[in-house]
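Notes for the one structure printed next.
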Amino acid sequence: MTVTIKDAEIREHLRERSVATLRRRTYISGVMTALCWLAITFAAVPLVAVIYQLLRRGIPVIVKSGFFTTLPQQPTIFDANNTGGVSNALVGSLAVIVYAALFAVPIGVLMGVYLAESTSKFASLLRIITATMVGAPSILMGLFAFEVVVQQMHVGFSIIAGSFGLAVLVLPVLATATEIAIRNVPSTYREAGLALGAKPSTTSLKIVLPAASTGIVSGIILALSRAVGETAPILLVIGGAYAIAWHPNQAASALPFQMFQDVQSNYPSLQNETWGIALVLVGAVFIISFAARLWAARKKKVQR
Amino acid sequence: MTSNTSTDLRQAAEGHRPSAASRGVYEYVVLSAAGLFAIISLYFVGSIVWQALPAIRHQGLYLLTGTSWVSGGATPALSKFGGLSMITGTIETSLIAIVIAVVVGTGTSLAINLLLPSWMRTIAATTVELLAAIPSVVYGVWGMLVLAPLVISTVGPFLNSLPGGNAVFGTVVAGQSLLLAGFVLAIMVLPTYVAISREVIGAVPHELIEASLSLGATRWQTIWKTILPTGRVGLLGAGALALGRALGETVAVVLVIGQVNQLNFRPLQPGVTLASWIASQWGEAIGSDQMNALFALGALLMAASLGVSFISTRLVSRQRSLVNR
């Protein structure tokens with residue numbers, strides 16, 4: 001009899017304990033889940049806060065007459081609000097990115113094709129190099145562009161030097177995007193081409209690349225739209241000029257470059273103008289990447 | 001794999017192995033683009049190290065251990081270029097950034113994968129990705145014009161009012177500080193961390209999660225004892241990738257760190273990082289021995305970030321092969 005009583009006691013004790021642990025476990029789980037919710041909220045706050053500031057302070061700047069069409073002015077103590085516009089930076093940014101694209105897009109895409117199609121040792125080595133170069137700090141591209149274009153090629157501080165820095169920065173990104181796009185093409189496409197007797201190069205050019213083109217093009221657009229906002233690679237080599245310039249050998253300004261200069265000035269009016277430039281940059285990147293994604297998604301639907 | 005099978009097919013069809021001679025123009029064009037990139041990458045590493053050599057020869061270990069940065073001007077023998085403040089500043093800001101990013105990022109990835117209803121997952125993921133689309137100079141401007149005043153008015157006084165707050169955090173000089181730089185960096189590397197950790201957590205096999213839940217584990221116990229241990233290699237890789245980004249970030253840091261070349265271990269005081277010092281000293285350094293010293297800092301930064309980046313890629317791909325096995 002005593003044994004049964006003990007059993008019951010133990011059972012009761014265990015039940016109490018398990019209820020207690022269950023309560024504790026549920027409580028901890030609830031708290032940690034709430035913290036996860038807090039984390040995702042916290043992650044979204046900066047985006048909302050930045051966009052709010054961009055709209056609130058940026059819109060009054062860009063609606064100012066002549067913001068896009070006039071050259072920047074240096075404010076003076078007599079005319080502290082005379083900041084002028086950003087026409088030279090706008091032209092400079094376009095020129096820098098166009099020259100960078102002319103250099104980087106063909107090489108990056110061809111290299112991506114090689115990475116996707118080759119199984120050689122060199123290809124796997126190159127894949128490691130590419131992944132490592134994607135993580136290289138962008139200021140180093142500025143140092144590299146200075147050494148190669150400004151010093152060794154004797155071009156001087158110029159648009160083309162900035163383009164070179166940006167091109168080296170986006171090359172591995174373009175190659176990776178191309179590689180992924182080609183790998184996403186079903187292998188049956190390639191096998192069908194080969195089965196019909198086409199040469200591997202013909203199959204690649206006429207069947208695989210067209211099928212991958214949507215992914216490649218949207219990859220290019222995304223990479224280039226991000227590159228427009230990069231400051232560090234061009235900061236050391238573009239020279240900074242107060243005139244409109246688009247010739248490769250000329251020194252120029254660019255939108256992120258001018259932001260970086262203006263925000264460090266002592267004039268509140270110049271600091272304030274950076275919100276306008278920021279709005280233009282962020283707006284352009286958002287619209288372009290949104291359009292590229294939408295376009296890619298629609299093309300995909302049509303292909304299926 | 002794909003090209004392997006197709007090549008096999010072709011070989012079978014033609015009845016001979018392809019030799020180098022059977023490579024067409026196309027193959028050579030593609031190969032030469034790849035070769036060009038390999039050469040550019042080697043030249044990239046080589047030219048930065050080459051320009052750093054004179055400074056390494058003249059300054060020696062002082063580059064790593066010295067704290068004063070004085071240009072001798074016409075007499076280079078008087079130049080003293082010590083990088084210790086930049087090295088410690090880089091480590092401090094990156095650590096602050098990585099701690100915030102890993103805690104918030106892991107929570108975000110868990111919430112995206114396990115808590116949000118499925119229709120909201122893509123929206124949340126895209127929102128975090130949009131953070132990466134904002135140029136770093138915009139974060140810098142935002143940090144300098146919006147957050148720095150907040151540090152002076154609210155955050156700084158609050159941290160100082162804590163017991164021992166003055167000793168640990170230091171007094172607020174300007175809003176621009178190591179802490180602010182670390183915070184802004186955290187926001188900037190968050191998308192990088194979330195992109196990988198979301199994939200890692202999403203790839204944890206469902207059987208494992210279901211087994212844990214069916215044994216009576218709560219949601220958090222499943223996360224802590226099953227999901228995170230399964231993904232730990234990949235999460236480590238994601239953290240390393242984010243660390244690599246934080247180490248080399250330049251323009252945003254220049255604007256929010258205060259750019260004061262002194263050895264500081266108190267987060268509310270200003271400092272410098274390797275990358276931000278290169279950017280801010282560049283104008284006066286061009287053509288002098290100071291430029292070589294900046295290249296030497298660049299070489300150091302390159303070694304650190306390429307190393308971290310290499311390790312992180314290895315870790316992430318190891319996680320992928322672990323899960324896909």
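Naming convention: chains lettered A, B, ... in sequence-line order (proteins, then strands); numbering from 1 in each chain.
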Side-chain donor/acceptor of [X] to backbone N/O of [Y], under 3.5 Å:
X: A/Ser118; Y: A/Leu115; value: no
X: A/Glu230; Y: B/Pro135; value: no
X: A/Ser29; Y: A/Arg25; value: no
X: A/Asp262; Y: A/Gln271; value: no
X: B/Ser317; Y: B/Arg314; value: yes
X: B/Arg198; Y: B/Asn113; value: no

Which bit of [X] is near chain B, if near means a heavy-atom gap under 4.5 Å: side chain, backbone, both or neither?
X: A/Phe286; result: side chain
X: A/Ile128; result: side chain
X: A/Leu126; result: side chain
X: A/Ala49; result: both
X: A/Thr274; result: side chain
X: A/Val50; result: both

Between [options], which has the largest tally of heavy atom pairs under 4.5 Å with chain A?
options: B/Ile134, B/Leu114, B/Leu110; answer: B/Ile134
options: B/Val128, B/Leu36, B/Leu130; answer: B/Leu130
options: B/Tyr139, B/Trp50, B/Phe310, B/Trp224; answer: B/Phe310
options: B/Leu42, B/Thr192, B/Leu116, B/Leu294; answer: B/Leu116

Which region of [X], side chain (C-beta onward) or backbone (N, CA, C, O), has a non-hydrogen atom less than 4.5 Å from a non-hydrogen atom of chain A, or is it both or neither?
X: B/Val254; answer: side chain
X: B/Ala132; answer: both
X: B/Ile286; answer: side chain
X: B/Arg219; answer: both
X: B/Ile187; answer: side chain
X: B/Tyr193; answer: neither
X: B/Thr218; answer: both

Could you check which of [options] has the highest count of heavy-atom pairs closer than 4.5 Å to chain B?
options: A/Gly112, A/Pro172, A/Gly142; answer: A/Pro172
options: A/Leu38, A/Thr130, A/Val148, A/Ile51; answer: A/Thr130
options: A/Val263, A/Val109, A/Leu222, A/Val113; answer: A/Val263
options: A/Ala278, A/Ala43, A/Ala232, A/Ser120; answer: A/Ala43
options: A/Pro106, A/Gly135, A/Ser201; answer: A/Ser201
options: A/Leu54, A/Leu140, A/Leu110; answer: A/Leu140

Spatial distance of atom CH2 (B/Trp142) from atom CZ (A/Arg57) [nearest 0.5 Å]: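 Rounded to the nearest 0.5 Å, the CH2-CZ separation comes to 11.5 Å.
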
Can you confirm whether the side chains of B/Gln259 and B/Ser276 place a donor and an acceptor under 3.5 Å from each other?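 Checked: B/Gln259/B/Ser276 side chains pair up, N/O donor to acceptor below 3.5 Å.
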
Mutual orientation of the aromatic rings belonging to [X] and [Y] [parallel < 30°, tilted 30-60°, perpendicular > 60°]:
X: A/Phe146; Y: B/Trp282; answer: perpendicular
X: A/Phe164; Y: A/Phe144; answer: tilted
X: A/Phe122; Y: A/Tyr114; answer: tilted

Knowing that exactly one of B/Leu247, B/Leu274, B/Leu297, B/Ile48 qualifies, which makes a side chain to side chain contact (heavy atoms under 4.5 Å, CB included) with B/Met302?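 The residue from B/Leu247, B/Leu274, B/Leu297, B/Ile48 that satisfies side chain to side chain contact (heavy atoms under 4.5 Å, CB included) with B/Met302 turns out to be B/Ile48.
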
